[in-house]
Amino acid sequence: MPELPEVETIVRDLRPRLTGRKLTNPRLHRPDVLRKVSRQRLLRTLDGNHVSAVDRRAKHLVVRLASGHRLVIQPRMTGSLVVYETRLTAEQRRYAVLEAGLGGGGRVVYRDVRRLGTIWLLDERGWQSYTLRIGPEPLATDFDADRFRHQMGGTRQAIKKALMDQRRLAGVGNIYANEALFRAQIDPSRPANRLARAELDRLYGHVRDVLEEAIAAQGTTVRDYRTGTGQSGSYQDLLQVYGRGGEPCRRCGARLVTTHEIDGRATTFCWHCQGMPR
DNA sequence: ACGAGGTCCTGCGAGC
DNA sequence: TGCTCGCAGGACCTCG
């Protein structure tokens with residue numbers, strides 16, 4: 001499921017392959033992914049437009065167009081955006097939501113099995129209000145431990161829920177929240193405002209480390225996620241807790257526990273390394 | 001202000 | 001074999 005490292009991987013793959021290219025013959029197969037834009041306006045805007053930049057914001061792909069519009073794609077659970085240089089196979093075309101030809105050859109395809117993902121077409125004004133509602137980027141060079149403590153502070157919410165709240169912090173989802181809390185040896189259910197300064201500082205470092213290591217590994221492929229060239233990521237081999245409920249902790253050997261007590265989402269942790277729920 | 005719960009969507013695996 | 005059911009879950013919404 002694309003979180004920050006997966007979307008960053010896609011962006012790094014697509015940037016050299018899309019920037020400067022002309023979009024031709026766009027086709028929308030599943031209009032139910034569109035938000036606040038009609039099928040007609042989307043296709044008319046894309047057709048003949050040029051890609052001026054490819055960026056990431058939080059877990060969203062941002063394709064900037066020469067017209068000044070931004071095509072914003074939230075892949076959510078099962079979305080992927082891939083550039084193909086050769087003819088698409090039937091399997092690659094299956095679940096295609098939006099696709100377009102590229103001037104000079106090739107196709108760019110947004111595919112989404114469950115279609116929980118969404119597509120927006122924003123002008124400058126729409127983009128400003130969109131991005132202002134999202135929290136700071138955890139890997140930005142000016143995002144320091146003070147800022148992290150400030151963003152996590154002042155709430156009794158479980159620290160894991162606060163980490164995943166996109167208004168507080170951009171791009172962290174269930175996989176990397178679980179991993180960062182395990183590394184920092186912090187109980188995911190503890191209220192954010194009860195963490196000591198030293199614990200938050202530790203968590204800040206581990207959030208950034210785990211995100212950077214996952215980017216280096218091209219992301220985590222559990223099922224549907226693919227890079228911008230259609231490959232699987234490899235961070236799933238390095239996960240310490242996510243998806244390992246019932247298996248032994250790699251640090252102490254205790255059985256990892258999975259609960260759904262925090263916001264109804266699967267939380268896997270080591271009761272020994274991360275402390276009993278309190 | 002906050003928490004709980006519903007909604008979207010399809011594939012998959014368990015159970016009968 | 002073929003069916004139903006619950007679950008996966010990020011973001012957004014309503015309700016109390």
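The sequence lines fix the lettering, A, B, ..., with proteins before strands; numbering per chain opens at 1.
- The 12-atom threshold is not exceeded at CD of A:Q40, counting heavy atoms of other residues, nucleotides or ligands nearer than 6.0 Å.
- Among the protein residues, A:H60 comes within range of no part of the nucleic acid, since none of its heavy atoms lies under 4.0 Å from any strand.
- If you measure from atom CD1 of A:I262 to atom P of C:dG10, you get 13 Å, rounded to the nearest angstrom.
- A:I119 and A:V7 fall within the same hydrophobic cluster, where Ile, Leu, Val, Met, Phe, Trp and Tyr residues are linked whenever their side-chain heavy atoms come under 4.5 Å apart, directly or through other members.
- When heavy atoms are screened at a 4.0 angstrom cut-off, A:N174 is found touching the sugar-phosphate backbone but no base atom.
- At least one side-chain nitrogen or oxygen of A:H260 sits closer than 4.0 Å to the OP1 or OP2 atom of C:dA8.
- Within 6.0 Å of the CZ atom in A:R156, the count of heavy atoms belonging to other residues, nucleotides or ligands does not exceed 12.
- Not one side-chain nitrogen or oxygen of A:K161 sits closer than 4.0 Å to the OP1 or OP2 atom of B:dC2.
- Taking atom CZ of residue A:R223 and atom P of nucleotide C:dC7, one finds them 16 Å apart after rounding to whole Å.
- In this entry the distance linking CZ of A:R133 with C1' of C:dC13 reads 13 Å, nearest Å.
- Counting to the nearest Å, the C1' atom of C:dA8 and the CD1 atom of A:I175 are 12 Å from each other.
- Crowding of A:R41 atom CZ: a count of heavy atoms from other residues, nucleotides or ligands under 6.0 Å exceeding 12.
- The distance from atom CE of A:M164 to atom C1' of C:dA8 is 13 Å, rounded to the nearest whole Å.
- Atoms CZ (A:R167) and C1' (B:dC2) sit 11 Å apart, rounded to a whole Å.
- Atom CD of A:E3 is separated from atom C1' of C:dA8 by 14 Å (rounded to the nearest Å).
- Nucleic acid contact class of A:Q166 (heavy atoms, under 4.0 Å, all strands): sugar-phosphate only.
- By the 6.0 Å contact criterion, NE2 on A:H29 is enclosed, its count of non-hydrogen atoms from other residues, nucleotides or ligands being greater than 12.
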Each nucleotide of nucleotides 4-10 of chain B classed B (base within 4.0 Å of a protein heavy atom), S (only sugar-phosphate) or -, in 5' to 3' order, makes ----BBB

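- Nearer the 5' end of DNA chain C, as judged by each residue's closest nucleotide, is the contact made by A:M77, out of A:M77 and A:W120.
- In this structure, A:Y242 reaches the sugar-phosphate backbone alone: every heavy-atom distance under 4.0 Å involves primed, P, OP1 or OP2 atoms, never a base.
- A cation-pi arrangement is absent between A:R147 and A:Y204, since the terminal nitrogen or guanidinium carbon is not both under 6.0 Å from the aromatic centre and inside a 45° cone about the axis.
- The 5' end of DNA chain B is approached more closely, in terms of each residue's nearest nucleotide, by A:R156 than by the other of A:R156 and A:R94.
- For A:Q74 and C:dA11, the shortest distance from a side-chain N or O to OP1 or OP2 is not below 4.0 Å.
- For the pair A:E6 CD and C:dG10 P, the interatomic distance rounds to 12 Å; values are reported in whole Å.
- Partners of A:R133 under the side-chain contact (heavy atoms from CB on, under 4.5 Å) rule, at least two apart in sequence or in another chain, are A:S129, A:Y130.
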